[in-house]
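Notes for the one structure printed next.
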Amino acid sequence: MDMEKTYQPENFESGIYKKWEEEGLFKPSRDTSRPSFSIALPPPNVTGSLHMGHAFQQTIMDTLIRYHRMKGDNTLWQCGTDHAGIATQMVVERKLAREEHLTRHDLGREKFIERVWKWKAESGGNITRQMRRLGDSVDWSRERFTMDEGLSRAVLEVFVRLYDEGLIYRGKRLVNWDPKLRTAISDLEVENRDVKGHMWYIKYMFADGVKTDEGKDYLMVATTRPETLLGDTAIAVNPSDPRFKSVVGKDVILPLVGRRIPIIADIHADMTTGTGCVKITPAHDFNDYAVGKRNHLPMVNILTEDAHIRDAAESFDDAGKPLPGYDAPIPEQYRGLDRFEARDRMVEDLNSQGLLDHIEDHDLSQPFGDRGGVPIEPMLTDQWYVKASVLGKPAMEAVRDGRIKFVPKQYENMYFSWMENLQDWCISRQLWWGHRIPAWYGKDGKVYVARNEEEVRSKYKLSKDVELTRDPDVLDTWFSSALWTFSTLGWPDDTPELRMFHPTSVLVTGFDIIFFWVARMIMMTMHFIKDKDGNPQVPFKTVYVTGLIRDEEGKKMSKSKGNVIDPLDMIDGIGRDGLIKKRTANMMQPQMAEKIAKRTAKQFPDGIAAHGTDALRFTLCALASNGRDINWDMKRLDGYRNFCNKIWNASRFALMNIGERKLEAPEASALSLADRYIRSKLKTAIAEVTEAIESYRFDNLASKLYEFFWNEFCDWYLEFCKPVFRNGTQEQKDATAYTLCDVLETSMRLAHPVMPFISEVVWKITAPMLGRGNAQGTVMVAPYPDGKGLEEDKEAEAAVEWLKDFTVSVRNLRAEMKAAPSKKLVVYLRGATEDEIRYTTENFSYLENLAGISEVKVAKEGEALPPCSSKPLRKAEVLIPMKGLVDATSEIKRLEEMEKKLEGNIRSGEARLSNQAFTSKAPAKIIEGAKAQLELNRAQLEKVKSQLSELRSI
RNA sequence: GGACGUUUAGCUCAGUUGGUUAGAGCAUCUGCCUUACAAGCAGGGGGUCACAGGUCCGAGUCCUGUAACGUCCACCA
């Protein structure tokens, strides 16, 4: 197999993946004698596309999966996609509106759902294609979709069981209502945004001629939502507020409406806020709802489901039962108006009637639906709820006692603080795309819950002629996601997979869905899945929480900001115009397009170059510092693409020098110093890399691989190999060839979890040369390096460290003397130890090349040398005759600077060591170190001084 | 209002239970097309570790406080 001269990943990555997949290598071994390792992929939106966050998380998952697979574990990466209720429905609705000018209501439920399935079929393959390009080794044969038959069965099962246990109930309550999507949403889906608004001060006139103690014939009420006054059913004052004590129990006249409402005393009213009087609208405000319940106030709903003023209000009692006797008329002029239009009209009318006292600017944080993007409206509706408080207790316990660990740990705080005051979870959605709620209603409104209509009739003993209608609502998407770890493994059946792979090993996800998903998964799983002793099983043992990937300025990547980069464009590259087109297509605010196009053109004048999958994955790992958001940096990606290129070329070097042939392992005695050294370093690198993976430090994993391969293997070892291949004996050549190939092959296995493709290419060439091929012919299932068979060799390391230091000293001097790189130098070494002299002379062939020298002369102490430029090296000294290279004056100047610096070091060292407190309290090791350092500095100073006096005497 | 996080070189970030003179990549400067690699090689410059106190022989690291930025939660008549 030939390696092309330059690294071009696009030529081989896709082909390699295809082969792996075709050969079924992503499936678990099912070898139960080995530990199981499993990850459930957080299911991406089925019709979505891959963004940087996915690429990041999936890289980490794939790295873990590949590592464990190579270790021989029975490894499963369970994948699949989510139906993403609201998101997907919205996309299809928008498409429908754009292309056919239709709403879903025009089509009707059945036809609409057909369209969604069609859309899924068309675009559902997008994200899985992208995952393949990323190299994800997921078991595609087990791919699931949350609305599959199997998973839907799990959803039904869970719902029915929870209902039968009394943990799911239906009730009329105030919920967060999205008027754009016309559905209830959970409190998690509400996003509070700071907006500039107003506070309106409105006079509510007393009925029956009542006056306050101050003699006013009205109560002043401050509100940010004047339009809701149509639904007011009381005014509240604080029970201990002296200003209003005398009017409690009296009535005021509701402005614009004329209805009488009572003044009540309730602690909700704060004497120091606003005017002290607060209007109570139980059907349109969460606090007021609580006040209404406490005081048994009627609740008056004045809004339609798209937040227009109703033609006639609906009245309920405090238990949510219709209250036809309560007459809450809506003045004709407001009927049918949008809520904000109605506000304007009413404020105008209040003003003209002299009931508007004044308006103040007011900053408030307003709730918005995170999907629909419009202000949500608290709305009185019938919804289904999960009693989260009951399920929450064991879920909290599992994290508290360590059965589930968060990495980084600080996210546990976030989890606890949310779990501690867990609200019941509203699970019904007034959508069409999703799992339909398995509840049926009789004509009398009675509720029956079972897996299907047939079961309802037998379970509740209903005869055939009882008419039943099914609840039209669907479940919150997160309801089915919460079952993901076990529903994908075949639950409610007791499958071998469930026994083998549950609990899963680790969950990799973003902090933004800890509440939405992680917490609910823990609750549901622990309630339904028990181990063989009947104890609740956790869904996963570790939660690895990733930060967000932001753009280079630290801004969130979003379509509307036009700063998104598709991970695939970094892999395969994209031209400038293509990138601009992508970023400005289908914009919600087309006016932004021009700005985005300009910025993009400026930032990427030549588009984005192809970097390959391995470089992208390596970069993502390198940037994955624990618990931090990542500001994406293209330069890092460039740097790591260069690293791939380095691996490529080092491999080419090896093949050029060895040739593709079978290699025999040499006797230990045949190994050169460099061979011993690199084997020793490799052993350390293996230990460090393994430790990094095990502790989820993917940044360390990347930097250890990088350091070893580039700074040790390439910068030094390959250079050490050159003279051997040029001038060595056959035996020396063979030993070095073997070591070179061995270390390269092992490095590829070490790197494979992060860089699956380039490691495959190089491994496939090198492994057979060493007799390490496998039946499948892939590094994917080759054993992960464990360092066995490699020896730590302190002596070789020490010798090579000396050779490196020596080389660096000579290079330093050469640069300072401005000697041409091509000029071979004669170098004197003076004052070295016996070992150091031996290292130098025995390995002169290495130095010749690395330092560009023709001869090393070992000089005795006091021996007269020609005038030299010199540099202390440890306690010895390296000298190069300055003749023709540098004059004495500048050399003296350089040495004087060095002298100054050394003297400074010595002074501070002496001060430290003469400090009683230090010598008596610091550990011996530190004191020894300080002494050695001082001694070294003194020796070096002595060298510098004598050299100085010698030069000055010329 | 409550909680958490961040602040280290021009930029993006490491820095372990406190221990000699604080690191990497990129950028920058100098010199090199040296038969694996110019996507490279060799060498250099660049830091009051946000600020103020404290503990300690010793603080980037521990404690207290301050500031700026960020995130989450709660509240908002």
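By convention in this document, chain letters (A, B, ...) are assigned in the order of the sequence lines, proteins followed by strands, and residues within each chain are numbered from 1.
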Legend entry - Nearest non-hydrogen partners of A:F653 and A:N657, listed with the distance: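 So the two residues come closest at O-ND2, 2.9 Å.
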Legend entry - Taking every non-hydrogen atom, the tightest pair across A:L701 and A:A692: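 Closest approach of A:L701 to A:A692, heavy atoms only: N-CB, 3.5 Å.
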Counting the atoms with a prime plus P, OP1 and OP2 as sugar-phosphate, which does [X] contact under 4.0 Å by heavy atoms, base, sugar-phosphate, or nothing?
{"X": "A:R697", "answer": "sugar-phosphate"}
{"X": "A:D270", "answer": "base"}
{"X": "A:T224", "answer": "sugar-phosphate"}
{"X": "A:N937", "answer": "base"}
{"X": "A:I630", "answer": "nothing"}
{"X": "A:C644", "answer": "nothing"}
{"X": "A:Y7", "answer": "base"}
{"X": "A:K901", "answer": "nothing"}
{"X": "A:Q8", "answer": "nothing"}
{"X": "A:H611", "answer": "nothing"}
{"X": "A:G929", "answer": "base"}

N/O (side chain, [X]) to phosphate O (OP1/OP2, [N]) under 4.0 Å:
{"X": "A:R641", "N": "B:A39", "answer": "no"}
{"X": "A:K925", "N": "B:U20", "answer": "no"}
{"X": "A:K646", "N": "B:C41", "answer": "yes"}
{"X": "A:N649", "N": "B:G40", "answer": "no"}
{"X": "A:N421", "N": "B:C73", "answer": "no"}
{"X": "A:S625", "N": "B:A14", "answer": "yes"}
{"X": "A:R628", "N": "B:U7", "answer": "yes"}

Inset, instruction - Decide yes or no, distance alone: a donor-acceptor N/O pair under 3.5 angstrom between the base of B:U21 and the side-chain of A:Q933. - result: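 Side chain to base: pair present.
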Inset, instruction - Assess whether one donor atom and one acceptor atom, taken from the side chain of A:S365 and the base of B:C75, lie less than 3.5 Å apart. - result: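 Result: at least one qualifying N/O pair found.
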When the distance from [atom1] of [X] to [atom2] of [N] is rounded to whole Å, what number comes out?
{"X": "A:N711", "N": "B:G23", "atom1": "CG", "atom2": "P", "value": "15 Å"}
{"X": "A:F618", "N": "B:G25", "atom1": "CZ", "atom2": "C1'", "value": "11 Å"}
{"X": "A:K824", "N": "B:A42", "atom1": "NZ", "atom2": "C1'", "value": "14 Å"}
{"X": "A:F709", "N": "B:C37", "atom1": "CZ", "atom2": "C1'", "value": "11 Å"}
{"X": "A:K704", "N": "B:A24", "atom1": "NZ", "atom2": "P", "value": "13 Å"}
{"X": "A:Y640", "N": "B:A24", "atom1": "OH", "atom2": "P", "value": "13 Å"}
{"X": "A:F406", "N": "B:A3", "atom1": "CZ", "atom2": "P", "value": "21 Å"}
{"X": "A:I549", "N": "B:U12", "atom1": "CD1", "atom2": "C1'", "value": "13 Å"}

Could you give the distance separating [M] and [N] at their [atom1] atoms, to the nearest angstrom?
{"N": "B:G1", "M": "B:C11", "atom1": "P", "result": "32 Å"}
{"N": "B:G18", "M": "B:C62", "atom1": "P", "result": "8 Å"}
{"N": "B:C73", "M": "B:G10", "atom1": "P", "result": "36 Å"}
{"N": "B:C26", "M": "B:G45", "atom1": "C1'", "result": "16 Å"}
{"N": "B:A3", "M": "B:U66", "atom1": "P", "result": "12 Å"}
{"N": "B:G47", "M": "B:A9", "atom1": "C1'", "result": "5 Å"}
{"N": "B:A42", "M": "B:U34", "atom1": "P", "result": "15 Å"}
{"N": "B:G44", "M": "B:A36", "atom1": "C1'", "result": "26 Å"}

Inset, instruction - Run the ring-centre check on A:Y846 versus A:F720 and record whether the distance is less than 6.0 Å. - result: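 For A:Y846 and A:F720, the ring centres are under 6.0 Å apart.
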Inset, instruction - Would you please indicate yes or no on a ring centroid separation below 6.0 angstrom for A:W648 and A:F12? - result: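 Judged by ring-centre distance (under 6.0 Å), A:F12 and A:W648 do meet the cut-off.
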[N]: pairing nucleotide in any strand, Watson-Crick or G-U under 3.5 angstrom:
{"N": "B:U66", "answer": "B:A50"}
{"N": "B:G25", "answer": "B:C11"}
{"N": "B:G18", "answer": "none"}
{"N": "B:A3", "answer": "B:U71"}
{"N": "B:C32", "answer": "B:G40"}

When you measure from the side chain of [X], which nucleotide among [options] comes out closest?
{"X": "A:P821", "options": "B:G15, B:A36, B:G31", "answer": "B:G31"}
{"X": "A:A269", "options": "B:G19, B:A77, B:G40", "answer": "B:A77"}
{"X": "A:A922", "options": "B:G19, B:A14, B:C73", "answer": "B:G19"}
{"X": "A:D715", "options": "B:U12, B:A36, B:C41", "answer": "B:C41"}
{"X": "A:A222", "options": "B:G40, B:A77, B:G43", "answer": "B:A77"}
{"X": "A:N645", "options": "B:C73, B:A36, B:A39", "answer": "B:A39"}
{"X": "A:W710", "options": "B:A36, B:C41, B:A77", "answer": "B:C41"}
{"X": "A:R636", "options": "B:C26, B:A77, B:U12", "answer": "B:U12"}
{"X": "A:K5", "options": "B:G44, B:G19, B:C37", "answer": "B:C37"}
{"X": "A:R652", "options": "B:G43, B:G5, B:A36", "answer": "B:A36"}

Legend entry - Ring-face cation of A:R550 near A:W632 (centre distance under 6.0 Å, axis angle within 45°):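 Geometry flag: not set, cation outside 6.0 Å or 45°.
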Legend entry - First of A:T275 and A:P9 reached from the 5' end of RNA chain B, by closest nucleotide: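 Per heavy-atom nearest nucleotide, the more 5' residue is A:P9.
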Inset, instruction - Select from A:M199 and A:I926 the residue whose nearest nucleotide in RNA chain B is closer to the 5' end of that strand. - result: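 Whichever sits nearer the 5' end wins; that is A:I926.
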Legend entry - Carboxylate-amine/guanidinium proximity below 4.0 Å for A:K804 and A:E712: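 Answer for the salt bridge query: yes.
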Legend entry - A:E816/A:K818 ion pair, N-O < 4.0 Å: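 Not counted as a salt bridge, because no side-chain N and carboxylate O are separated by less than 4.0 Å.
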Any donor-acceptor N or O pair under 3.5 Å, side chains [X], [Y]:
{"X": "A:D232", "Y": "A:Y204", "result": "yes"}
{"X": "A:N631", "Y": "A:D551", "result": "no"}
{"X": "A:N915", "Y": "A:R912", "result": "no"}

